[in-house]
Each structure stands twice: as C-alpha cells, then as structure tokens.
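In what follows, every heavy atom counts, from backbone to side chain, and hydrogens, waters and symmetry copies are set aside.
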Amino acid sequence: MEGPVLERLRGLIQRGTRSLNLCVAHTYSQWQCYLKECLDLNQLLCLLSLSVPGLDQSHGGDYDAFEDQVCKFFKALRDCDIDPFVIVDGGSDYTDKKFETKKNRALSRINRAKSLSMGLQGSGGILPTLIKHVFKQVLISLNVPYAQCICEADQDIASLARSWNCPVLSNDSDFYIFDIQAGFLPTSHFHWQRVSMQRGSSIRYIPCKQYTTTSFCRHFNINRQVLPVFAAMLGNDYVKLHNMGVSLRWEEYTSMEGRFARFDGLLNWLARFHGQKDALDSVLRLISHCNNRQKTGAVLHGLSLGIEEYHLPPSCLERFFNDGVGPGPGRLPEPLRVLPDWTLLPLMEGRLPSCMVDVLLLGRMMQGAQVEDPSLPCGNNTSRSIRQVLYGLLLGGRRADHSRQRPPVDEVEEYYREGKSLTSSMVEAILPSAAEHIQLDTLHQAPRLVQLKVFLETLGVSQSTLSGVPPHLRLPVAVTCYWLRHAHSPPELPVLQALLLGLVYGELCRKRKSQRGFMEGPVLERLRGLIQRGRRSLDLGVAHAYSQWQCCLKESLHLNQLLCFPLDEPQCAWLYKGTLVHQLVTKLRGGLTPDSLLMGDLGSGQLYRAMLGAILNSHDSHEAAVIPFVSGLQRATPPSLTQPLDDLTAHLHILALEYDDDDGAGGGSKAKSEDDLGWTLVSVRTRHKSKDRFNRARNPEFSRKQGRIGWE
C-alpha cells in the first residue's frame with residue numbers, strides 16, 4: 001500500500017534529480033542466487049491484475065484469465081530456481097493507527113469505480129471482489145507456501161526476509177526503510193514476463209531493479225540508523241507534522257530547487273547524525289525554536305511511535321513456514337488475545353477470513369467498492385443479512401455465561417458507498433435459531449449438521465433443494481437463491497440465465513484444465529466465441545446486479561469458512577467471467593435461448609437444468625419469509641420493485657415445464673450415467689401457483705417498516 005514515503009522516495013529516485021537514481025542499483029540481478037523470496041500478496045494482486053493489459057476491470061472480473069496470469073508468474077519464478085513465500089495482511093493494526101488512511105483509500109476506490117462505470121479506463125484500477133479468494137486457491141493448487149498474518153504484514157515480512165537473507169518483492173513504502181540486507185525489489189521494476197538466460201550458461205534470471213538501504217545511505221552519506229527518523233519526518237500513520245501546524249524549512253539545507261528540495265535538504269541535515277536519539281533530539285529543538293513549545297510533546301510521541309514501526313521483532317512466520325504452527329496465544333499483544341486459540345492457525349493458513357479480526361478487535365467492517373450504478377444503493381447492502389450472522393457468531397461468543405438466554409445486542413460499524421461518498425452505519429449482529437447455543441470458543445467443535453444448518457438457514461435454502469447440484473457448486477447455487485430474493489432491483493430472467501450459463505462455462509473450463517484427454521465440445525466453443533466476438537460495452541444495471549451477486553458470494557464464502565466448511569468451497573476462478581455473462585445478457589435479450597447454446601452437450605444441459613431447478617424449488621418454498629431478520633439499517637423498497645421477481649418466477653415455471661417435457665419426451669436426462677456426471681442427478685418437478693399466490697410470497701424485508709426486527 002503506497003504511502004507518503006514511497007511517493008516521495010519514488011519521486012526522488014525516478015526523476016533523476018542530482019543523479020538520485022543511484023539510490024537504486026540499476027544493474028540487472030540474476031535472482032537464481034537467492035533460494036527464497038518473500039512476496040507481498042497485496043502488491044502481487046496489483047502487479048498481476050491491474051498492470052497486465054487485456055484483463056477486464058469493468059465487468060466484475062475475468063477470474064480465469066487472472067488465474068492464468070498467476071500460474072505464469074510463479075512458473076517464471078520457479079524457472080529461475082526461486083522459491084517464493086507469499087505473505088498477506090490480516091486484519092487492521094490493533095492500534096487502529098491507519099484508520100484515516102483506510103477511509104481515504106476506500107473513498108479513492110469509490111471514485112475509481114465511478115470513473116470505470118463511466119467508461120474512463122485511464123482512471124486507475126479496481127480489484128474484483130473475489131480476486132483474493134482466487135489468488136489463495138491458485139497458491140494452494142501450485143503448492144506455493146502462503147501465510148496470512150493476524151494483523152498487518154509489513155514487519156513480519158521484513159523480519160522474515162532479514163532472517164532468511166532474501167529479498168522482498170513489493171511496492172510498499174516501508175520496505176525503503178526496513179533494514180533488509182538482501183534488498184527490496186519494487187514490483188514496478190520486476191519484469192517477470194522477460195525471463196532471460198545468462199550469457200554462456202543455462203541459468204535463467206528475471207531482470208529487476210534492487211533497492212537496498214546500504215546503497216541509499218551511501219549515496220546520501222547518512223547513517224542507516226537515522227532512516228526511520230527520515231521516514232517519520234516525511235509523515236506516516238502516527239504523525240503528520242504539517243497537520244499539527246509544525247513547519248520546518250529543510251530547503252535551507254540544499255542547493256536544489258523545485259518540489260524535492262525539502263526532501264534533499266532533510267537528508268543533508270540528517271547526514272550529521274550517527275544515531276536516532278541525536279537526530280530526534282535535534283528535531284525537537286528545531287520545533288521548539290520555530291514553533292509553539294507546547295507541540296513538542298505530541299510531536300515526540302508521534303515521531304517515537306513512527307520510528308518504532310521500523311523496529312523488527314522476531315516473526316512467527318519462520319516457525320509457521322518451517323513447522324506449520326501458528327503463533328502461541330502468549331506471544332500475541334494483549335488486544336489480540338480476544339481471538340480464540342483455535343482460530344490462530346486457520347487464520348495464518350488463510351482458512352478463516354481476516355475481516356473477523358477487525359470485527360472482534362475494532363467492531364468495524366470496511367466494504368469494498370466495485371463497478372456498479374452509483375445512483376443505486378451499494379451492492380454490499382444486499383449481502384448485509386449474511387454479514388449479520390457472521391457478526392452474531394463472532395460477537396455472540398463473547399458471552400460470559402452459558403445460559404440459554406440470547407446474547408446481548410452487539411453492533412458492527414460498516415463503512416460502504418452511498419452515492420459517490422463513503423458513509424457508515426451501525427449494523428446489528430444476529431444469530432439464527434440454529435446457532436442459539438453456539439459459542440465462538442467452541443464453534444469448530446459444533447456438529448457438522450449444526451454448522452450446515454446455520455449456513456443454509458442464513459441463505460434461506462434447504463439441504464434437499466441443493467441435492468441435485470454437484471457438491472462443489474452447491475454454495476454458489478445457494479447464493480444465487482439468496483441473491484434473487486434480496487437483490488435491488490430484482491434481476492430479470494436473462495441476467496439469471498447468463499449467470500447460470502457462466503457457471504456451465506466455468507465447469508467446462510475447469511474440466512478441460514484438470515482432466516487429461518478432456519474433449520472440448522460445441523458448448524465451450526460457442527461460449528468462447530461470444531467472448532471473442534462480443535463488444536465490451538457496459539450495461540450499468542447488469543453490472544449492478546452481478547456486483548450484488550459477487551458480494552453475496554464473498555460473504556457466504558467467509559461464513560462457510562467460519563463454520564468450518566459445511567459446504568465444499570468452490571473454485572472461484574470458474575464461477576464468474578464478466579465479459580462472458582455481460583455478453584450473454586445482451587444476446588439473451590435479443591432472442592438467443594440457453595437451449596441453443598447448450599445443444600450437443602448433454603452433460604452441460606443437465607447441469608444447467610439442475611441449477612435452475614434448485615433455484616426454482618427454493619423460490620417456491622418461500623411463500624413467506626424463511627429467514628425474517630433484517631439489518632440494523634432501515635431501508636425500504638417500493639412495492640413496484642417486487643414486480644420483476646414475479647415476472648422472473650413466471651418465466652422460471654415456464655422453463656421448468658419445458659425442461660420436464662423435454663426430459664419426458666426424449667428421456668435425455670438419463671442418457672448419461674451418474675458416474676459420468678460425477679454427481680447424483682435428480683429430477684426436479686415443481687408446484688405451480690397462481691400469480692396471485694406469487695404476489696403474496698414476497699420477502700417482507702423489501703417492504704418492512706422502520707424499527708428493530710429480530711429473529712422469530
């Protein structure tokens with residue numbers, strides 16, 4: 001994550017002022033000399049998704065193409081005999097020092113998403129909703145060592161790199177300051193797509209630029225110990241001197257002119273000191289002389305904390321990578337001991353969502369931003385009911401007693417987009433009836449059937465509804481059932497059809513990649529042809545609908561993880577391809593039918609019908625609200641918005657009848673054995689209701705009154 005240190009140092013380095021480009025070693029390095037390399041996952045996501053031409057950002061993500069990039073990246077590393085170790089941030093720092101920075105970044109993402117929704121491609125990128133899930137799953141499939149820190153990862157990464165004497169690949173500003181002997185490799189100068197061969201040998205290497213504190217300090221003739229003072233003086237998450245009314249004219253210490261004169265002057269001034277204490281004392285004397293003396297106490301406190309940020313304590317990562325054990329509870333700072341012991345190792349393994357740390361520690365959740373219709377409510381609102389159960393499981397476990405009474409009301413502050421702004425509100429934590437007696441400390445020991453019941457009750461889906469769907473697709477189908485009932489505005493039929501066809505496409509691509517001898521059929525060829533021939537125009541209504549679906553899927557994945565995976569976790573790379581489903585919506589609106597796309601592949605047609613049948617079956621079972629709980633936020637939807645869902649239901653019934661007729665006439669649904677399909681195929685027949693009955697079956701959440709409503 002870029003901060004002021006990175007921006008200013010990069011400015012000094014890249015603009016060549018006073019030959020400052022010597023701060024970076026410009027000789028290309030043959031990294032086969034290093035057996036290990038620490039990689040910052042957050043920066044890798046940007047490197048592999050935002051900086052690669054051709055990867056779509058406006059239609060919600062092309063995760064299969066991103067997976068392909070990730071595989072190519074790690075192949076390049078291993079071709080050069082580099083063993084990568086990937087590390088990612090966990091929750092927020094328990095001191096909450098970066099809260100204002102996080103809010104500013106969230107607002108920046110909202111603005112970038114708005115620009116992309118207007119077709120302004122040069123406005124910066126947006127990481128798709130599921131991209132971290134995809135990345136983690138690819139790492140597992142490639143056997144790349146991976147760790148998710150409990151809180152922020154910078155110090156742990158630097159400590160591990162120093163212990164292993166290996167470089168760090170990142171773009172985070174802090175790595176310009178950390179004392180890492182093997183250096184820092186900025187991702188912006190890491191040319192992994194240009195693997196080269198050392199002349200006269202068979203050794204491969206990746207051209208890159210290496211930064212070391214040694215070369216930086218040698219060029220500016222300063223002691224390495226004062227680098228943290230330099231960083232703190234430039235401004236960090238603890239103190240920004242200009243915001244405190246402190247002004248020091250470092251331009252007096254340089255002959256340079258222009259915007260970087262003050263930075264060069266500060267470096268020249270620091271060159272006289274040999275240690276942090278002498279430099280800090282002199283800074284305080286300058287501040288006391290030039291400004292109000294009353295400010296020196298606050299400045300000293302802020303600068304001291306900022307300097308401490310670059311101290312490297314022993315990291316628990318080395319033990320995790322070597323022995324597969326998590327941090328002992330006794331090694332955690334006191335605020336982090338709110339985390340149950342059983343969660344520590346799964347958190348580091350990435351099998352629990354890092355957002356749980358923020359909920360337990362800070363009572364806060366910062367929502368992401370996606371390309372959607374800025375005039376409509378944030379897509380994250382649709383998944384709020386799922387998060388409420390997540391909050392309930394996390395916060396309900398803090399009860400001091402084990403009585404049968406419900407836990408006291410807890411709330412979480414959510415930050416999300418409202419219009420073009422960042423806003424927040426308090427959201428109530430809620431437990432479904434199936435989770436009444438579950439405690440967070442023993443959640444992992446709850447019977448699997450109870451964990452499954454909590455999950456299905458949250459999404460409003462029965463286990464029997466999903467029985468005809470392949471196990472690895474039951475979670476996204478359950479999410480689709482939830483999405484159809486809660487989306488604002490309810491999706492039209494082509495949007496649902498395109499989504500299901502996208503799942504069929506993903507399943508075919510998954511089989512092609514994982515099964516030897518898999519023969520590509522006509523369905524895959526037709527769908528791929530739509531992607532290649534289609535125009536990439538953006539329908540904001542469709543984008544908004546799919547943004548809501550992805551938000552629901554992400555929160556459901558988190559809930560499934562917290563409940564110890566009662567449903568199989570799907571391979572996210574194959575669940576959504578934005579450029580395909582958007583193009584499919586256009587074609588389906590124009591008269592193209594799913595049948596015409598699925599012709600010639602019996603298995604694909606059966607999969608499509610099984611998913612559609614489960615969705616219709618789930619909708620039929622909701623004559624009244626199965627899960628009558630709402631968020632603490634009060635929002636009401638005009639009754640007119642329920643009409644599209646009635647139309648969708650009528651269309652689904654017609655489709656179900658057509659499929660029943662097709663199956664009865666040709667017996668095609670049984671032409672392929674269950675073993676060939678890999679899952680149990682069941683015939684789904686539906687009850688048929690009048691339109692009047694449909695109108696009475698609306699979820700009351702869409703037209704609820706203001707006020708607190710809990711579980712019934």
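Between C572 and Y63, the closest side-chain pair of non-hydrogen atoms is not below 4.5 Å. Using a 4.5 Å heavy-atom cutoff, the side chains of S547 and T382 are not in contact. Taking 4.5 Å as the limit, some side-chain heavy atom of C149 sits within range of a side-chain heavy atom of I87. Side-chain contact between S92 and L362 is present, with heavy atoms from C-beta onward closer than 4.5 Å. Using a 4.5 Å cut-off on side-chain heavy atoms (C-beta onward), M366 and D358 make no contact.
For the pair Q57 (side chain) and L127 (backbone), a donor-acceptor distance under 3.5 Å is absent. The backbone N or O of G379 lies less than 3.5 Å from no partner atom in the side chain of Q548, so there is not a single donor-acceptor pair. Checking side-chain atoms of Q388 against main-chain N and O of E428 turns up a donor-acceptor pair under 3.5 Å. In this structure a side-chain-to-backbone donor-acceptor pair under 3.5 Å is present from H486 to Y482. Q370 contributes no side-chain N or O that, together with a main-chain N or O of G60, makes up a donor-acceptor pair within less than 3.5 Å. Side-chain N or O atoms of D89 include one that pairs as donor or acceptor with a backbone N or O of A153 at under 3.5 Å. At least one donor-acceptor pair under 3.5 Å links the side chain of T343 to the backbone N or O of P340. Without hydrogens or angle criteria, R109 side chain to I126 main chain gives no donor-acceptor distance under 3.5 Å. Judged purely by atom type and a 3.5 angstrom limit, W483 uses its side chain to pair as donor or acceptor with the backbone of A545. Distance alone, capped at 3.5 Å, places no donor-acceptor pair between the R474 side chain and the D568 backbone.
Using modelled atom types, one finds no donor on one side chain facing an acceptor on the other under 3.5 Å when comparing T423 with E418. Between the side chains of S108 and R112, at least one donor-acceptor pair of N or O atoms lies under 3.5 Å. D172 and S170 share no donor-acceptor pair across their side chains, judged by distance under 3.5 Å alone. Between K453 and Q463, the side chains place no donor N or O within less than 3.5 Å of an acceptor N or O (distance only, hydrogens not considered). If you check the side chains of W549 and T480, you find a donor sitting under 3.5 Å from an acceptor. No side-chain N or O of T101 forms a donor-acceptor pair with one of R105 less than 3.5 Å apart. The closest side-chain donor-acceptor pair between T129 and Y576, if any, does not fall under 3.5 angstrom. With no hydrogens or angles considered, a side-chain donor-acceptor pair links Q137 and E569 at under 3.5 Å. E414 and Y391 share a donor-acceptor pair across their side chains, judged by distance under 3.5 Å alone.
Interatomic distance, CG of N560 versus CD of Q451, reported as 9.5 Å (0.5 Å rounding). The distance from the CE atom of M233 to the CD1 atom of I307 is 9.5 Å, given to the nearest 0.5 Å. Separating the NZ atom in K554 from the CD1 atom in I131 is a distance of 13.0 Å, to the nearest 0.5 Å. Between H544 atom NE2 and S117 atom OG the span is 11.0 Å, to the nearest 0.5 Å. Of the inter-residue distances, the one linking L339 atom CG with L394 atom CG reads 9.5 Å to the nearest 0.5 angstrom. Atoms CG and OH, from D174 and Y310 in turn, are 4.0 Å apart once rounded to the nearest 0.5 Å.
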Item to check | Full working for salt bridge (Lys or Arg N to Asp or Glu O under 4.0 Å) between K98 and E152 | outcome: CA-CA 10 Å; K98 291 189 175 182; E152 294 202 347; 3.0 Å; yes
Next on the checklist: Set out, in order, the CA-CA distance, both residues' side-chain angles and the distance that settles ring pair (Phe, Tyr, Trp, His ring centres under 6.0 Å) for H582 and Y546, then state yes or no.
Outcome noted: CA-CA 9 Å; H582 276 254; Y546 287 142; 5.8 Å; yes
Checklist entry - What do the steps show when you test Y415 against F99 for ring pair (Phe, Tyr, Trp, His ring centres under 6.0 Å), and what is the final call? => result CA-CA 11 Å; Y415 282 80; F99 181 44; 5.6 Å; yes
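Cation-pi check for R448 over F565 is not met; the charged atom does not lie both under 6.0 angstrom from the ring centroid and within 45 degrees of its normal.
Aromatic ring centroids of F178 and F175 lie under 6.0 Å apart.
The environment of CZ in R337 is crowded: more than 12 heavy-atom neighbours from other residues, nucleotides or ligands sit within 6.0 Å. When the shell of 6.0 Å around NZ of K103 is examined, it contains more than 12 heavy atoms from other residues, nucleotides or ligands.
Between Q148 and L347, the shortest heavy-atom contact is NE2-O, 2.9 Å.
For K97 and E309, the salt-bridge test passes: some basic side-chain N is under 4.0 Å from an acidic carboxylate O.
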